[in-house]
Protein chains: 2
Amino acid sequence: MSAQQGPEQAVTMRDVAERLGVSTMTVSRALRGRPGIGEETRQRVLAEVAALGYRPNKQARSLRSGGPSELVGLVVTNLANPFYARLAIGLEEVCLRQGARVVLGSTGGDQAVEREVVADLLERGVDGLVVVPSGHDHSHLGGEQLRDTPVVLAAGPPMGIEADCVLVDDFGGTRAACRQLIARGHRRIGFLGLPPSLWTGSERFRGYAVALEEAGIALDERYVSRHRGDSALAEETARAMLVLPDPPTALLTANNRNTVGALRAVRAGGYPVALAGFDDIELADMLDVPLTVVSYDPAEVGRAAAALLYERREAAAAAQPRRVIVATTLVDHPRPRQVRDDSSF
Amino acid sequence: MSAQQGPEQAVTMRDVAERLGVSTMTVSRALRGRPGIGEETRQRVLAEVAALGYRPNKQARSLRSGGPSELVGLVVTNLANPFYARLAIGLEEVCLRQGARVVLGSTGGDQAVEREVVADLLERGVDGLVVVPSGHDHSHLGGEQLRDTPVVLAAGPPMGIEADCVLVDDFGGTRAACRQLIARGHRRIGFLGLPPSLWTGSERFRGYAVALEEAGIALDERYVSRHRGDSALAEETARAMLVLPDPPTALLTANNRNTVGALRAVRAGGYPVALAGFDDIELADMLDVPLTVVSYDPAEVGRAAAALLYERREAAAAAQPRRVIVATTLVDHPRPRQVRDDSSF
DNA sequence: CTGTTAGCGCATTCAC
DNA sequence: GTGAATGCGCTAACAG
């Protein structure tokens, strides 16, 4: 139980050593499988360690050795966003192979908080940082203050600093989706997106615009909306587009909230409109409205980020910044995603 | 940028002290706002700290002071489960007020892994552990090995150990849902649940059974299924119930997967059946099938767990184990949950 | 008010 | 192969 009798001091290396009549160095060597110790001695030590239930203190170890803390910081706005949650899983998976764990740093999308979180994680001696940046200015993620701690940006390219990053193929995915709509005969395609100031807002719109251009379709501003709002606003916007004199026959939505809004608008109004959207939606197969989505694996973003982190450590620190793009696939009438994969709930 | 020129040693307290011609203690006192230092000196120190960009090393601090590491471990099966993700948010929120961050420990539902994760987190000197246990045997979460590290169980009661815990009102929530079905005139109510070996499986079934009993309705085993499967299996099971000679007029589902399966079965077959389920479902308002859900706030579980952790630290370590129950509410035709609440995606 | 001594738990470096 | 000294960065405890 967590409630102990006495202060119950932690067992230290010295306790093990004294009991065996050896020095702490011998214990240390045995524990870490280092050479310079007899096989017999090693066994004796390990036995005593098990008997006493001794556990090395990793903080002290990394302090003395100057080695890695085996802690990697993950800075995101909000884990409730399944993208981040799944990114975290991928990150943890790869970090674990290196013996490292992930420390959470939620920012709530606040740039000032992000700075604090980064500073705090650095004080904790993390070996690296994976950041999904909230703003456009990334200067706090570079320069002196980081003291050699590698940083990998996720889902957005570095701005104002040099750093490795992992991106989703926002452009290619959106273009593919738009192409498919065009291939199915649509020429008036509405776009519900995000502000151009956001990377995803800019790239996904570019995918839309390029696909249109490649097909020789002129971009009609009446069919374009780029704002940062909730799904209610998206629904409103979609509805407004669908009652134009010459309404679009298809809607391309650049993110989840817009997709949900568009779905509602279409369903409520019963418009004969094709839908395609970036990002998967749960239970999409159960909706009455057929939907094509641009799908990708957020965990892969996390895995790639971790890989970059560790590769950077191997390489000369000053090597060229690398950029990894995670691919997307187009999915029709998407099948349900298994979201809850343990059976406790 | 993360690529520096030289080894660029970290700035230490000594660097600050030497530059100012004072001792490291003076710097330490200034930094921690401790008394026993002149206001003027403090300002000089703080200025130099800022100038050098000095950051205290928290690992060294907690090592020397024997104080808290300000790290709390979260042990769950899988963050992709939104329950755990939101629990993590609540936990982080409260921990942050105490200056602590959350370290992730995913187990994948594997008991052996859970043991390792707990051991590893202890080696890292976490101040506390919040665990959503995978199995029935919690002995590895108690006893000597924990060395005074408080543990709080979440979503399941301690078994074989004494520990604080936070539970969801599985029983009450399910009973309320079942009562509502009964109040609406249903008497043949099917139940799709989890194995009795699981806490949630047992408690939620109890809620169902008690509600029936209170209404004087006999429990009919043909209407009861309790297995651990995916939503496809649940769909199959629901369908089988609905084609009975005397089919249920309502289905009560004890968790997400069963709810989804039931929804599919009902939708596909067009059966005139009422549905009620434990746990919220996204986009439930967009489905054609009306649904009542037992809703609760997973973040509250995290918050409560953190609170217990810190209260335990204040209290005598040997105080009585506490148990907090998080309330549930019944929601009809649930409104959409805002899942992605930042605007980057 | 400030500095000195000592040491947290462990590992590097060098003796032996 | 093993042990002693030394110090990682920081802070109690006591000195001045």
Please work out if A:P56 contacts a base, only the sugar-phosphate, or nothing of the nucleic acid, heavy-atom cut-off 4.0 Å. sugar-phosphate

Angle between the end axes of the helix from C:dC1-D:dG16 to C:dC16-D:dG1, five pairs per end, to the nearest 10 degrees? 40°

For residues 36-52 of chain B, which residues have at least one heavy atom under 4.0 Å from DNA chain C? B:G36, B:I37, B:G38, B:T41

Taking only residues two or more places apart in sequence or in another chain, which ones pass side-chain contact (heavy atoms from CB on, under 4.5 Å) with B:L63? A:N57, A:A60, A:L63

Kindly determine whether A:L167 and A:W199 satisfy side-chain contact (heavy atoms from CB on, under 4.5 Å), including the steps that lead there. CA-CA 10 Å; A:L167 301 174; A:W199 170 258; 3.9 Å; yes

Distance, rounded to the nearest Å, where A:N57 contributes CG and C:dC8 contributes C1': 9 Å

Would A:H140 and A:I161 satisfy side-chain contact (heavy atoms from CB on, under 4.5 Å), going step by step from the backbone distance to the final call? CA-CA 9 Å; A:H140 60 297; A:I161 59 167; over 6 Å; no

Contacts under 3.5 angstrom, residues 297-311 of chain A side chains, donor-acceptor by atom type, not counting sequence neighbours:
from: A:D297; atom 1: OD1; to: A:A299; atom 2: N; distance (Å): 3.0
from: A:E300; atom 1: OE1; to: A:R303; atom 2: NH1; distance (Å): 2.4
from: A:R303; atom 1: NE; to: A:E93; atom 2: OE1; distance (Å): 3.3
from: A:E311; atom 1: OE1; to: A:R322; atom 2: NH1; distance (Å): 2.3

Would you check if there is a donor-acceptor pair between the side chains of B:S62 and A:Q59 at a distance under 3.5 Å? yes

Taking the side chain as C-beta and beyond, is there a heavy-atom pair between B:R124 and B:S69 under 4.5 Å? no

Is any side-chain heavy atom of A:L104 less than 4.5 Å from a side-chain heavy atom of B:L104? yes

Can you name the one residue among A:R61, A:K58, A:R101 that meets salt bridge (charged side-chain N to carboxylate O under 4.0 Å, His left out) with A:E70? A:K58

C:dC14 C1' sits how many Å from A:R34 CZ, rounded? 15 Å

What's the separation between atom CG in B:D127 and atom CZ in B:R312, rounded to the nearest 0.5 Å? 15.5 Å

Please name all residues satisfying side chain to side chain donor-acceptor pair (under 3.5 Å) with A:T24, sequence neighbours left out, ordered by chain then number. none

Kindly indicate whether the side chain of B:L31, heavy atoms from C-beta on, has any atom under 4.5 Å from the side chain of B:V49. yes

With a 4.0 Å heavy-atom cut-off, tell me which residues in residues 60-72 of chain A come close to DNA chain D, sorted by residue number. A:L63, A:R64

Qualifying residues under salt bridge (Lys or Arg N to Asp or Glu O under 4.0 Å), relative to B:E116, sequence neighbours excluded: none

Using heavy atoms and a sub-4.0 Å distance, could you list which residues of residues 118-128 of chain A are near DNA chain C? By number, please. none

In whole angstroms, the gap separating P of C:dG9 from CD of B:Q59 amounts to 15 Å

With sequence neighbours left out, write down each residue that passes salt bridge (Lys or Arg N to Asp or Glu O under 4.0 Å) with B:E39, or none if nothing qualifies. B:R42

With sequence neighbours left out, write down each residue that passes salt bridge (Lys or Arg N to Asp or Glu O under 4.0 Å) with A:R55, or none if nothing qualifies. B:E123

Would you mind reading off the distance between A:Y54 atom OH and C:dC10 atom P, rounded to a whole angstrom? 3 Å

What verdict does the side-chain contact (heavy atoms from CB on, under 4.5 Å) test give for B:M13 and B:V16, after you've listed the backbone C-alpha separation in whole Å, the side-chain angles of each residue and the deciding distance to 0.1 Å? CA-CA 5 Å; B:M13 242 173 55; B:V16 181; 5.7 Å; no

Rounded to whole angstrom units, what separation is found between the CZ atom of A:R14 and the C1' atom of D:dG3? 15 Å

Mind checking salt bridge (Lys or Arg N to Asp or Glu O under 4.0 Å) for A:R32 and listing every partner two or more places apart, or none if nothing turns up? none

Pull out every residue in residues 18-33 of chain B that has a heavy atom closer than 4.0 Å to any atom of DNA chain D, ordered by number, or say none. B:T24, B:M25, B:S28, B:R32

